[in-house]
Amino acid sequence: MPDFLENLTEDQLTTVQQTEGPVRVIAGAGTGKTRTLTSRYCYLVDTLGIAPKNILCVTFTNRAANEMKFRIRKMLGDDLDLGFVCTIHAFCVQLLKEDAHVLGFPKNFIVLDTEDEKNMLQKIFEDMHLTLRDVTIQRTIDEVLETMKMRADSYIQEFYLLDNEKLIESFSHASSREEEIFLRYIYEQKKCFGLDFNDLINFAGYILDHYPDVRDKWQNRCEYVMVDEFQDVSAKQYGIAKSLSGLHRNLFIVGDPDQTIYTWRGSHMKLFLDFDKEYKDAKTIVLNRNYRSVPEILTASDELIAHNKLKYPKTLVAHRRPASELAVPIWFTDEGSKNIPERYGRPVWYHAPNPKDEAEWVAKMIQAYITSGGRLSDIGILYRAHYLSRAIEEAFVKAKIPYTIYSGIAFYGRREIKDIVCYLRMLTQADDVAFRRTVNLPARKIGKKKLEYLANVAEKNHISLYDALKVSLEDTEFRGTGAKRYVNAIETVRERMEKQRKVISFAMPFDKDHNFLADILQQIMDLSGYEEYLRVQGDQERLDNIAEFKRSVAAAGEDPDMTLSEFLNEIALFTNLDKEEQQDTVKLMTVHTAKGMEYPMVFIIGLSEGIFPSRKVVMPEEMDEERRLMYVAMTRAKTYLALTDSEGIANDNLFKYPSRFIAECGEENIISLNPPDKELTEKAKQFAAIDEERLSKLSDLYAVGTRVLHEVFREGTVTAVDVKGGFYTIQFDNLPTQRNLRIAAKLERIE
């Protein structure tokens with residue numbers, strides 16, 4: 001038996017050797033999915049003799065594809081062409097480089113990223129004279145571009161295949177502003193032969209569907225098609241896989257429905273669950289023996305995911321010994337370990353009075369773990385959104401714990417944070433670095449030539465660039481620019497700072513409601529136009545980061561002796577951290593980024609209602625996805641798992657309650673180290689119960705066109721459903737105009 005088959009379990013070996021026909025493998029977390037998949041690839045190549053060029057193996061991320069290539073080369077040698085072990089988008093690029101010419105696209109087309117999309121839309125908004133009141137960039141990407149590109153055949157046939165003159169002519173015939181934006185976007189794409197990520201999938205699918213010669217070529221080439229992480233595959237991506245495997249019918253899919261966390265990208269676990277309906281002769285294999293986590297973690301994880309409505313019935317079986325039999329870290333509160341005995345193996349929950357305490361507790365636990373012989377690289381800190389890393393980073397810097405941010409930028413290194421820090425520096429030092437970063441942000445028509453002009457003035461007069469601008473405001477060079485507004489913003493806030501200092505210096509006792517630093521921050525963001533600029537972008541992650549930065553500033557401002565200069569010096573500690581890559585560091589990342597990773601010790605922080613689960617949840621299936629995301633987070637842990645939350649006010653200005661997911665893990669499965677008081681616990685239960693009731697009422701919405709009966713208005717027809725607004729629009733037979741009724745209103749369906 002080849003080496004790559006020797007260490008496989010019976011179920012894994014069966015999976016590897018089931019090579020012909022459609023196969024569905026349901027592989028739970030930690031069940032050796034990647035090993036099984038790579039062993040199957042090696043079996044096809046080494047034992048059956050299939051050429052690598054005839055095996056397509058697609059996975060969800062570049063990281064996963066690279067890991068598979070590494071393992072395959074380790075098993076079979078370095079001389080293999082593994083170009084078809086790739087992401088689905090990378091495969092589509094290969095297909096389009098060969099065959100996009102059938103649609104008039106050259107081989108050297110450009111793949112557009114998110115920044116390219118935003119830049120194109122910014123230009124389109126300017127051409128259409130649109131402002132913040134009209135539209136935001138992120139909303140346009142999400143609700144216009146994404147939505148319209150869902151109709152792949154329609155937009156390719158109607159717009160991409162038009163010549164440019166007819167496309168320009170169509171601008172004036174658009175049925176709505178959104179359609180005109182979309183048409184202009186298509187035009188900008190065509191000018192540079194650019195395709196965005198949606199287009200890569202749509203164009204490849206369109207060509208396979210509409211050009212039989214191309215389809216036949218690729219079907220002959222793809223003798224075996226394997227799709228990893230199938231739970232995250234969209235219907236269009238599935239369509240490509242079905243098309244490519246249409247001749248040989250060797251379609252192999254593997255994944256875990258309980259880890260479906262990308263429905264916002266078009267995936268749906270029903271594609272996985274209904275595979276055997278699409279392929280009546282499909283074989284299904286379940287891998288449920290978990291080799292990663294201790295039984296205590298799996299018990300809590302299974303209890304949590306059982307609350308989901310739509311799932312494949314399976315229970316993970318732990319291969320590892322219970323954590324209570326292993327050496328465990330001392331989980332403790334400030335009062336001590338509280339004499340919790342052998343049950344330390346269970347996941348723990350620490351409830352903190354504020355985010356600072358939450359972060360400091362995490363730091364203390366890590367220090368205790370390191371003292372007991374653990375390594376920093378054993379530890380993963382997971383959170384729902386990037387902005388939640390701020391308090392943890394500050395605690396780690398103070399505790400001198402090295403850390404690395406995965407798939408993200410350290411909080412104080414993020415673009416929007418550096419922008420606003422430089423604006424604050426303009427109020428104190430007004431140094432040239434801060435000036436260059438802020439003077440044209442937002443755009444004020446102060447480009448390279450004008451900066452060169454200011455540099456000459458500054459050098460001649462031995463002054464800063466900012467002072468050079470102040471003395472040059474009336475020069476013809478700066479007419480028609482936003483230079484005066486920029487200078488006025490800085491000087492106005494400087495004057496207010498001076499007045500506020502005088503007021504505060506005579507305030508006895510110190511007025512805690514008057515937060516000097518927070519006032520300064522808000523004033524410069526308002527007067528400079530920077531916050532308005534961010535809202536035009538409509539990027540919620542950046543807005544969340546700014547909201548978190550405001551919280552940081554407000555917290556610092558509670559110290560009556562804290563000046564702006566001192567605050568900037570303090571956060572310089574966070575922005576000037578050693579940038580060298582350190583292997584032995586704690587890893588910080590979002591849960592989405594953590595997919596596919598594992599750590600001996602995992603902390604899931606920020607477990608508050610509105611954060612995790614997200615405040616954006618509207619429908620029951622979205623709550624199911626949040627729960628699956630929590631399940632993914634928990635099953636990253638091998639031996640030690642800690643859940644943390646804190647009290648206070650969230651970024652949406654709502655009071656924070658402990659996440660319902662903590663309770664759903666089962667009280668008997670979690671050790672509460674510092675539980676909240678009974679009143680908060682009761683309020684948290686009530687909050688979750690009310691929300692679950694709201695969601696249950698949305699699980700069976702009346703569709704547009706449904707005939708309904710109201711006890712007063714009598715019979716009518718549903719004409720619209722606004723899920724986010726929470727109401728139906730109904731035209732009642734006896735009323736001349738329509739009525740908006742709450743979704744919770746008493747209505748009966750008329751059959």
Side-chain angles (χ1 to χ4, degrees), residues 41 51-70 72 80-120 141 145-146 149-150 152-153 155-156 159-161 185-186 188-211 213-230 232-246 251 262 265-267 407:
Y41 187 98
K53 69 176 183 178
N54 297 122
I55 305 171
L56 174 62
C57 182
V58 296
T59 189
F60 200 66
T61 65
N62 286 313
R63 184 181 71 213
N66 290 334
E67 173 66 19
M68 288 174 59
K69 288 179 182 179
F70 173 79
I72 291 167
L80 295 176
D81 178 5
L82 300 181
F84 273 9
V85 178
C86 57
T87 65
I88 184 66
H89 289 92
F91 168 75
C92 288
V93 169
Q94 294 184 62
L95 184 150
L96 293 172
K97 282 187 180 297
E98 282 192 35
D99 295 304
H101 62 86
V102 298
L103 299 179
F105 263 66
K107 287 185 178 181
N108 60 340
F109 63 86
I110 298 169
V111 178
L112 303 171
D113 62 19
T114 304
E115 282 304 309
D116 295 326
E117 288 180 321
K118 290 180 178 179
N119 291 336
M120 282 185 177
I141 291 174
L145 301 187
E146 296 275 354
K149 288 191 174 182
M150 290 294 285
D153 284 13
Y155 87 88
I156 291 173
F159 306 126
Y160 268 103
L161 302 185
Y185 180 81
I186 298 293
E188 294 297 329
Q189 281 190 275
K190 288 188 69 176
K191 281 200 303 185
C192 66
F193 293 112
L195 297 177
D196 60 31
F197 269 39
N198 281 314
D199 297 322
L200 295 177
I201 301 297
N202 290 338
F203 272 54
Y206 183 88
I207 289 171
L208 290 172
D209 288 344
H210 292 82
Y211 294 86
D213 291 345
V214 176
R215 180 174 63 248
D216 291 347
K217 178 184 74 173
W218 285 98
Q219 284 184 345
N220 276 289
R221 189 179 299 180
C222 296
E223 296 179 13
Y224 293 86
V225 177
M226 297 195 287
V227 183
D228 186 21
E229 303 288 7
F230 189 82
D232 294 325
V233 166
S234 71
K236 290 180 184 177
Q237 293 166 355
Y238 183 24
I240 291 172
K242 285 194 293 184
S243 180
L244 293 171
S245 60
L251 177 58
Y262 287 100
R265 288 182 178 172
S267 66
S407 281

Who pairs with [X] by side chain to side chain donor-acceptor pair (under 3.5 Å), at least two apart in sequence or on another chain?
{"X": "D99", "value": "K217, W218"}
{"X": "Q94", "value": "none"}
{"X": "K242", "value": "E278"}
{"X": "Q219", "value": "none"}

Rounded to the nearest 0.5 Å, how far does [atom2] of [Y] lie from [atom1] of [X]?
{"X": "I240", "Y": "D209", "atom1": "CD1", "atom2": "CG", "result": "8.5 Å"}
{"X": "F91", "Y": "I201", "atom1": "CZ", "atom2": "CD1", "result": "10.0 Å"}
{"X": "D228", "Y": "T87", "atom1": "CG", "atom2": "OG1", "result": "11.5 Å"}
{"X": "R221", "Y": "L244", "atom1": "CZ", "atom2": "CG", "result": "10.5 Å"}
{"X": "C92", "Y": "N202", "atom1": "SG", "atom2": "CG", "result": "9.5 Å"}
{"X": "N198", "Y": "S234", "atom1": "CG", "atom2": "OG", "result": "9.0 Å"}

Please name all residues satisfying ring-ring contact (aromatic ring centres under 6.0 Å, His included) with [X], sequence neighbours left out, ordered by chain then number.
{"X": "Y224", "value": "none"}
{"X": "H89", "value": "F197"}
{"X": "Y41", "value": "none"}

Report yes if the side chains of [X] and [Y] come closer than 4.5 Å at any heavy-atom pair, otherwise no.
{"X": "L208", "Y": "L95", "result": "yes"}
{"X": "I186", "Y": "Q189", "result": "yes"}
{"X": "L96", "Y": "F105", "result": "no"}
{"X": "V58", "Y": "M226", "result": "no"}
{"X": "V102", "Y": "Y206", "result": "no"}

K97: which residues meet the side-chain contact (heavy atoms from CB on, under 4.5 Å) condition with it, sequence neighbours left out?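 Counting only residues at least two positions away or on another chain, K97 forms a side-chain contact (heavy atoms from CB on, under 4.5 Å) with V93, F109.
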A64: side-chain contact (heavy atoms from CB on, under 4.5 Å) partners, not counting sequence neighbours: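 side-chain contact (heavy atoms from CB on, under 4.5 Å) list for A64, sorted by chain: T59, T61.
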Count the heavy atoms of every other residue, nucleotide or ligand shown that sit under 6.0 Å from CZ of F70, and state whether that count exceeds 12.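 At most 12 heavy atoms, drawn from other residues, nucleotides or ligands, come within 6.0 Å of this atom.
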Counting N and O atoms only, with roles assigned by atom type, does the side chain of D216 sit under 3.5 Å from a partner on the main chain of D213, one being a donor and the other an acceptor?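 No, D216 side chain to D213 backbone: no donor-acceptor pair under 3.5 Å.
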Keeping the roles fixed (side chain from N54, backbone from C222), state whether a donor-acceptor pair exists under 3.5 Å.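 The answer is no, because no donor-acceptor pair under 3.5 Å joins these two groups.
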If I compare all heavy atoms of A241 with all of S245, which pair ends up nearest, and what's the gap?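 In this case the closest contact between A241 and S245 is O-OG, 2.8 Å.
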Applying side chain to side chain contact (heavy atoms under 4.5 Å, CB included), run through V227 and Q237 and close with a yes or a no. CA-CA 10 Å; V227 183; Q237 293 166 355; over 6 Å; no
For E188, what residues pass the salt bridge (Lys or Arg N to Asp or Glu O under 4.0 Å) criterion, not counting sequence neighbours?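 E188 satisfies salt bridge (Lys or Arg N to Asp or Glu O under 4.0 Å) with K123, K191 once adjacent residues are dropped.
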